[in-house]
Amino acid sequence: MAVSVRVRIAPSPTGFAHLGTASTALYNVLFARKEGGTFVLRVDDTDTERNRPEYEALIYESLRWLGLDWDEGPDKGGPYAPYRQSERVDLYRQEAARLIKDGKAYRCYCTPEELEAERKQAQLEKRPYRYSRRCLKNPPEGRSVFAVRFQVPGGEVRFTDMIRGEMKFDTDLIGDFIVMKSDGYPVYQFASPVDDAVMKITHVIRGEEHLSNTPYQLMLIDALGYDRPQAYAHMPLILAADGSKLSKRKHPEANLILFRDRGYLPEALLNYLALLGWNPGTTQEIFTFEELLESFSFDRVQHAGARFDWEKLDWLNGEWIRRLSDEELAIRLQAFVPELDLETIRRAVPALKTRLPRLAQAVDYLDYLWKDPSTPALDPETAQRVRSAIEVLRETQWELEPIESALEKAVEQSGVSKGKFYNPLRDLLTGKKVSLPIHYAFALLPKDVALSRLERAA
RNA sequence: GGCCCCGUCGUCUAGUGGCCUAGGACGCAGCCCUCUCAAGGCUGAGAUCGCGGGUUCGAAUCCCGCCGGGGCUACCA
C-alpha cells in the first residue's frame, strides 16, 4: 500500500520570515499538491534565547500572503498536534531518556568553557575536532547541570536525495553531539528527526545547508528505531549578491513581508523563486502556480546555489502586473495609495499598468493628486502657451479624450512641438519631470484644481 | 583544518561525445514608436564552457589533479 505523502517545513521564529522559508515552502507545497499529500507547518521554537511569538505570527502572515497555506499547523491543529516544538519537549525528554537507557546517549557535564578549550586544543594540534568523550569515560564528580550527548555509533550512512541521487557519509568523522541542551530543550538536530518520524513525514524537502546534517539525524532515527523518511531533497541555497548564503542577520532585504510592502505580487515572487534553482527545460519564464504544478520536478533542480537577482524579479513582477485585469490591479493598488478612492485609481490604471515594476511605485506617479507642487517662474513665451492651454481646457469636458484633443489643438496653434508645449504643463501640474501621459495627469485631478495650478503660474 | 555540495555570458540558466561558429531570459547599448517615463518592436555587445592534464577521429559534455566558491562541523536553526 502506498503511504500518502507528508511533507513539512519547520521555520524557527527567531526573526522576520525569511525568503528561504518561502522558497522551501513553495517546493514543499508543489510536491505535496502534486502527490496529493499533506503539507505540515511545524514551528521550531526550541531556541529559548531568540524566539518571539510575534515572529511566529509574521511567518503565518507572510506564507499566507504568498498563498502557501498548510494543512496542519500550530494554528489549525491536526492529527499529530501539537505542532510547536516548545510544546513537545516532554516527547524529546522521554526519547532522550530512552537513548540513555539503551546506552546510546550519555549525560555530559562539560561546561561550554571546557568544550571551547577542547576545540582550541584540537585546532592548535591541527587535528579535526571531535568531542573527547570525557563524560562517557570518566565524568567529573559533583556536577548536576548536564546536557545529553548522543554516542555516535560510527560507520556509513546512506540515503537518497531526490536531487543529488545516492548520498554516502562516513560518520566516523562525526563526534558525539548534544541532543538535549542543559536548559532541558532539544537541539534542532534532535527535535527535527524525532518530529519527522512521529509525524510520519515521508519526504524531507529543505535547504542545502541541511545536507551535511542529514547523517546526524539518520543516526538518531536509527538509534530510536523509527522508520526513516523515504527520501530527502536538498534545495540549492539562495545566495546574496556577494555569493554567500542569504541570512537574516546580514541580509535584512530577505524579509518576506518587505516584498509585499514593496509591491511585489505573490504570483511574481513565487514564479521567480521557482525559477531560481530550477528550470523547466523550455524557454518558458512566466508560470502560474498551476503551471508550476504541471512542470515542476526535482530532477530539474539545480545543484549549485543561485544569486538572488532583484532586477529580474522586477521584470517578472512587471510582467505579472501587466497580466492583471484593470479592475484587479486597481484593487491591489488600494493599499499602496490610501489617499485615493478606488474610482480615481481605476481611472489611472490603464496608464499606470505599463509603468510599474512594483505596485508601491504608483505613489511616484500619483502623489501629485494629494500634494500641491511648488509653482516655478515661467518665461513669457511659456506663460503665453500655458494661458492658451488654460483657455481651451476651460471649455473642455473633463475626461480623457476631450482633454487630449483639446490639448493637441492648442499645440497645433502654438506652432511648437508637443514636448515643448507639454513639459511645462507637466511641471506645473505634478512638479515632476516624469508623469503619466499629460491628458491623464490632467484628467485625474479635479478640473478646478488642475486649472488653478496652471493659472497661478501664468 | 576535516567532511559535503558546486563551478557555462555581469546574473539566472539550456546543454548528458559530433545538431555548439555555445541557445534563451534579466540587465546593458543602439534604433523605431513617442508629450515625459514606461510598455512594445527590431538590432547588437557580452562566455577561449574555473585551470591543467588525459581518453577519443571528435569534449562544455567522460576520467584524474589543481584552483575557486558555498555549506556543515555550536548546549543556533
Side-chain angles (χ1 to χ4, degrees), chain A residues 10-15 44-47 49-50 108 110-112 115-116 119 122-123 125-130 145-149 161 163-164 167-171 173-175 177-189 191-192 207-216 234 236-237 239 241 243-245 248 272 275-285 302-316 318-319 322 351-357 364-365 404 407-408 411 417-423 425-427 430 432-439 441:
Chain A
S12 67
T14 54
D44 192 344
D45 56 351
T46 55
D47 185 344
E49 302 270 305
R50 298 190 296 155
C108 178
C110 296
T111 65
L115 294 172
E116 185 53 35
R119 258 190 296 273
Q123 205 172 42
E125 294 169 23
K126 293 192 165 184
R127 59 180 164 80
Y129 173 70
R130 298 215 306 289
V145 176
F146 65 89
V148 179
R149 205 177 266 278
D161 187 288
I163 297 166
R164 289 157 223 271
M167 301 297 305
K168 188 176 82 182
F169 284 85
D170 178 6
T171 66
L173 275 5
I174 298 174
F177 56 93
I178 305 271
V179 291
M180 293 292 285
K181 299 180 265 185
S182 53
D183 66 1
Y185 276 77
V187 113
Y188 163 81
Q189 216 65 294
S192 178
E208 202 209 286
E209 71 265 36
H210 293 298
L211 189 55
S212 316
N213 288 330
T214 308
Y216 290 70
H234 290 96
L237 259 21
L239 273 24
S244 68
K245 180 175 98 163
K248 289 184 190 175
Y272 181 69
L275 249 27
L276 243 205
W278 169 83
N279 79 81
T282 67
T283 57
Q284 184 176 358
E285 302 267 346
Q302 219 68 237
H303 295 191
R307 285 170 216 245
F308 194 87
D309 183 355
W310 289 90
E311 287 178 329
K312 185 147 185 177
L313 206 215
D314 278 355
W315 167 75
L316 247 188
E319 289 289 320
R322 273 166 251 135
L352 229 32
K353 207 167 197 175
T354 59
R355 277 162 248 261
L356 298 180
D364 297 335
Y365 284 105
E404 184 174 24
L407 251 18
E408 273 168 1
V411 169
S417 69
K418 270 185 171 180
K420 190 152 185 159
F421 194 93
Y422 289 162
N423 284 336
L425 296 180
R426 186 190 326 280
D427 190 26
T430 69
K432 299 182 189 205
K433 295 264 176 293
V434 173
S435 80
L436 295 182
I438 199 72
H439 55 303

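Throughout, a chain's letter reflects where its sequence line sits, starting with A, and its residues are numbered from 1.
- Nearest to the side chain of A:Leu276, among B:rC12, B:rU73, B:rG24, sits B:rC12.
- Checked against the 6.0 Å centroid criterion, the rings of A:His439 and A:Tyr422 do not qualify as a close aromatic pair.
- Using N1 to N3 plus N6-O4 or O6-N4 for Watson-Crick, or N1-O2 and O6-N3 for G-U wobble, each under 3.5 Å, B:rG58 pairs with nothing.
- Taking every side-chain heavy atom of A:Pro437 into account, B:rC35 is the closest of B:rC35, B:rG70, B:rC76.
- Between the base of B:rC4 and the side chain of A:Ser212 there is no donor-acceptor pair shorter than 3.5 Å.
- Between A:Arg355 atom CZ and B:rG40 atom C1' there is a gap of 12 Å when expressed in whole angstrom units.
- Contact of A:Arg426 with B:rC35 (side chain to base): a donor-acceptor pair of N or O atoms is detected under 3.5 Å.
- A:Asp309 approaches A:Tyr272 most closely through the heavy-atom pair N-OH, 2.8 Å.
- Within 4.0 Å of A:Tyr365, counting heavy atoms only, lies at least one base atom of the nucleic acid.
- For B:rA77, the OP1/OP2 oxygens have a side-chain nitrogen or oxygen of A:Lys181 closer than 4.0 Å.
- Donor-acceptor pairing under 3.5 Å, judged by distance alone, is present between the side chain of A:Thr354 and the base of B:rA38.
- Across all strands, A:Glu319 comes closer than 4.0 Å only to sugar-phosphate atoms, never to a base (heavy-atom distances).
- Checked by atom type, the side-chain pair A:Thr214/A:His234 shows a donor-acceptor distance below 3.5 Å.
- Across all strands shown, B:rC42 forms a Watson-Crick or G-U wobble pair with B:rG30, both key distances being under 3.5 Å.
- A:Ser435 comes within contact range of at least one nucleobase, with a heavy-atom separation under 4.0 Å.
- What separates CD of A:Gln302 from C1' of B:rG71 is a distance of 17 Å, to the nearest Å.
- Of the candidate nucleotides B:rC35, B:rA74, B:rC75, B:rC35 has the atom lying nearest to any side-chain atom of A:Ile438.
- When distances run from any side-chain atom of A:Arg119 to the nucleotides B:rC6, B:rA74, B:rA77, the shortest one goes to B:rA74.
- In this structure, A:Lys181 places its NZ atom where more than 12 heavy-atom neighbours from other residues, nucleotides or ligands lie under 6.0 Å away.
- Relative to the side chain of A:Pro128, the nucleotides B:rC5, B:rG1, B:rC35 differ in distance, and B:rG1 lies closest.
- If you check B:rG7 for Watson-Crick or wobble pairing at under 3.5 angstrom, you find it paired to B:rC67.
- Contacts of A:Ser182 with the nucleic acid, taken as non-hydrogen atoms under 4.0 Å apart, include base atoms.
- For A:Gln302 against A:Ile163, the heavy-atom pair with the smallest separation is O-CG2, 4.2 Å.
- In this structure, the CG atom of A:Asn279 is 15 Å from the C1' atom of B:rU11, given to the nearest Å.
- For A:His439 and B:rU36, the NE2 to P distance is 13 Å, given to the nearest whole Å.
- Checking B:rG1 for Watson-Crick or G-U wobble geometry (two distances, each under 3.5 Å) identifies B:rU73 as its partner.
- Between the CD1 atom of A:Ile174 and the C1' atom of B:rC72 there is a distance of 10 Å, given to the nearest Å.
- Look at CG on A:Asp314: it is 14 Å from C1' on B:rU11, rounded to the nearest Å.
- Smallest separation of non-hydrogen atoms from A:Pro215 and A:Phe169: CG-CG, 3.7 Å.
- Of all nucleotides present, none satisfies the Watson-Crick or G-U wobble test against B:rU21 with each distance under 3.5 Å.
- Among B:rC26, B:rC75, B:rA77, the nucleotide with an atom closest to any side-chain atom of A:Pro112 is B:rC75.
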